[in-house]
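Here is the structure we will look at.
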Amino acid sequence: MNQQLVRSTSLAGAIVLGLGSILGTGAFVSVGIGADIAGGAVLWAILIAAVTALCNGLSSAQLASAHSVSGGTYEYGYRFLTPAYGVTAGSLFVVAKSASAATAALAVGWYVTNATAVSDYLAQWIAAAVLVLFTLLVLGGVKRTNWVNAAIVTLSIIALLAFIVTGHQQTAIMLERPSVKWWQVLQASALLFVAYTGYGRIATMGEEVQNPRRVIPLAVVLTLAVVTLLYLGVGNALLRFPSITNFQAEHFSLASLLLSGPVKWLVTVGAVVAMGGVILNLILGVSRVILAMGRRADLPMRFANLNGQQTSAPPATWLTCLVMLVLVAIGDIKTAWSFSAFTVLVYYGITNLAALKVTKSDRFVPKWVSIIGLVSCLGLAVFVPWQVLLSGIIFIVVVLLIHQLRR
């Protein structure tokens, strides 16, 4: 007899979970990267990214309702499309989320060095140490409990609101920049889209949520609305700081715009805690997809091995850590984030394509939502830096060639 989880998660609980999965690197780093590209038009870039994320979130909710399994679009690709789509989605997820984790770890390093007298050259070493530490925690069975998630969300929002209030006390510096081109806004939107990913965690809770067909879509919409308001507030505030014209996007942190004082420390602590939570979630998520790929033999089957207590997957978890460490070695937040943007946009393009294949009897999200999501993802993907675009295309081609050879 199959056992099912108790439907104990309410709408409020699903929203808190969604906020905990999204707030982190996006709020404390990527809005600054977007402002570096689009200037005052970053607010438009945020809205374009939000619409794309909303369509993708609803498509994910549709798929989770129709096919409730772990593995995300890797499994949806197999179920609704073809094995090639599934393998591509799984590989893209591993790289995209590893790049996001590497960005978060690097950002932790830069926040720490910015707030202390430690040399900037130690930022990468701090990032690597953070990844190894959280890998060991995951292997030990540590996960984010509901109360820890609520605490992280609360601290993150307080820190962001403190930054927004401080920013609005400054004189506007970059709110107008006529030289910004339309393609720069779309490039910023592509990078800012990654700042919204995490809503998929809500979509995967179909078995635990009360009245999932109503609660999951509503939770996705409300979560993205709260996140968008925070991002718009942060974007509008940071453009008012005089030092915004001198910051380096590769080493950017919101705290670097603040003078020493309680707000600077609050933002630093909030950022480090939020991104630490993001790293923990990403190591868990990526390692589970690698585990699923090992079970299907899309990766060597040794990656499907569990520990003796069947509480963790050491080979998959250590491979996850290795991929993230390689990306940390690049040492460039903007490059890592850009690669994450391209791969995650293509990944969610496959998500929308799979959602279009859901039967009419299982459908509660209109097809046009998934069509907009698909067009938006593939359209924004081509606006990442050309070096990242080329590298991403080569990666997809190699994955498909290996898949064909293995079959």
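Hydrogens, waters and symmetry mates play no part in the numbers below; they use all other heavy atoms, side chains included.
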Handout entry: Donor-acceptor under 3.5 Å (N305 side chain, R302 main chain)
Key = yes
Practice task
For W44, look at atom CH2 and say whether over 12 heavy atoms of other residues, nucleotides or ligands are found less than 6.0 Å away.
Solution key: no
Exercise for the section: State, yes or no, whether a side-chain contact exists between L291 and F303 at a heavy-atom distance under 4.5 Å. Expected result: no
Exercise for the section: Run the numbers on W318 and V323 for side chain to side chain contact (heavy atoms under 4.5 Å, CB included), then give the verdict. Expected result: CA-CA 9 Å; W318 280 117; V323 174; over 6 Å; no
Handout entry: A123 backbone acceptor or donor facing W110 side chain under 3.5 Å
Key = no
Exercise for the section: Would you indicate whether the side-chain heavy atoms of V344 and F93 approach each other to under 4.5 Å? Expected result: no
Exercise for the section: Check G39 against L239 and note the closest heavy-atom contact, atom names and distance. Expected result: O-CD1, 3.8 Å
Exercise for the section: In sequence, state the C-alpha distance, the side-chain angles, and the governing distance for T317 and T135, and then conclude on side chain to side chain contact (heavy atoms under 4.5 Å, CB included). Expected result: CA-CA 7 Å; T317 305; T135 298; 3.7 Å; yes
Practice task
Decide yes or no for I37 and V42: does some side-chain heavy atom of the first lie under 4.5 Å from some side-chain heavy atom of the second?
Solution key: no
Exercise for the section: Would you indicate whether the side-chain heavy atoms of V286 and M324 approach each other to under 4.5 Å? Expected result: yes
Problem - Heavy-atom side-chain contact between E75 and R296 under 4.5 Å - result: yes
Exercise for the section: Can you see which heavy atom on L224 is nearest to which on L54, and at what distance? Expected result: CD1-CA, 3.4 Å
Practice task
Please confirm whether the backbone N or O of A329 pairs with a side-chain atom of Q124, one donor and one acceptor, at under 3.5 Å?
Solution key: yes
Problem - Residue among I22, L23, L19 satisfying side-chain contact (heavy atoms from CB on, under 4.5 Å) with V226 - result: L19
Fill in the blank from the handout: Between L345 and A190, the two heavy atoms sitting closest are CD1-CB, 3.9 Å
Practice task
Could you tell me whether the side chain of L238 reaches within less than 4.5 Å of the side chain of V31, counting heavy atoms only?
Solution key: yes
Handout entry: Minimal non-hydrogen separation, A237 against H168, with atom names
Key = CB-CD2, 4.2 Å
Handout entry: Centroid-centroid under 6.0 Å between Y231 and Y196 rings
Key = yes
Handout entry: Chi angles and distances behind the side chain to side chain contact (heavy atoms under 4.5 Å, CB included) call for L161, L230
Key = CA-CA 8 Å; L161 290 177; L230 285 171; 4.3 Å; yes
Handout entry: Flag side-chain contact, heavy atom, 4.5 Å: T113 against I126
Key = yes
Exercise for the section: Could you tell me whether the side chain of R363 and the main chain of V358 form a donor-acceptor pair under 3.5 Å? Expected result: yes
Problem - Nearest-0.5 Å distance, CG of residue D36 to OG of residue S30 - result: 12.5 Å
Practice task
Could you tell me whether the side chain of M275 reaches within less than 4.5 Å of the side chain of Y111, counting heavy atoms only?
Solution key: yes
Side-chain polar contacts of residues 370-394 - donor-acceptor pairs under 3.5 angstrom, sequence neighbours left out - could you list them?
| residue | atom | partner | partner atom | Å |
| --- | --- | --- | --- | --- |
| S370 | OG | S59 | OG | 2.8 |
| S376 | OG | I372 | O | 2.7 |
| S391 | OG | Q387 | O | 2.8 |

Exercise for the section: Could you grab the distance from atom CG of L222 to atom CD1 of I15, nearest 0.5 Å is fine? Expected result: 4.5 Å
Fill in the blank from the handout: Here the gap from K97 atom NZ to L284 atom CG, rounded to the nearest 0.5 Å, amounts to 13.5 Å
Exercise for the section: Determine whether the side chains of T351 and S60 contain a donor N or O and an acceptor N or O closer than 3.5 Å. Expected result: no
Exercise for the section: Spell out, as yes or no, whether a donor-acceptor pair under 3.5 Å connects the side chain of T343 to the backbone of S340. Expected result: yes
Problem - By side chain to side chain contact (heavy atoms under 4.5 Å, CB included) - contacts of L229 (at least two apart) - result: none
Fill in the blank from the handout: d(I396 CD1, L401 CG) to nearest 0.5 Å is 12.0 Å
Exercise for the section: Scan side-chain atoms only and decide if N56 and Y347 contain a donor-acceptor pair under the 3.5 Å cut-off. Expected result: no
Practice task
Quickly, which of N281, L282, L280 forms a side-chain contact (heavy atoms from CB on, under 4.5 Å) with V278? Name it, please.
Solution key: L282
Practice task
Output, in order, the C-alpha distance, side-chain angles, deciding distance and verdict of side chain to side chain contact (heavy atoms under 4.5 Å, CB included) for V346 and F342.
Solution key: CA-CA 6 Å; V346 178; F342 174 79; 3.9 Å; yes
Exercise for the section: Quick one: closest heavy-atom pair of A84 and L400, and the distance? Expected result: O-CD2, 4.0 Å
Practice task
Identify the two heavy atoms, one from I48 and one from S189, that lie closest to each other, and give their separation to 0.1 Å.
Solution key: CB-OG, 3.5 Å
Exercise for the section: Working to the nearest 0.5 Å, report the span between CD of Q62 and CG of N352. Expected result: 11.5 Å
Completion exercise
Distance col, row T228:OG1 vs L47:CG, nearest 0.5 angstrom, shows 7.0 Å
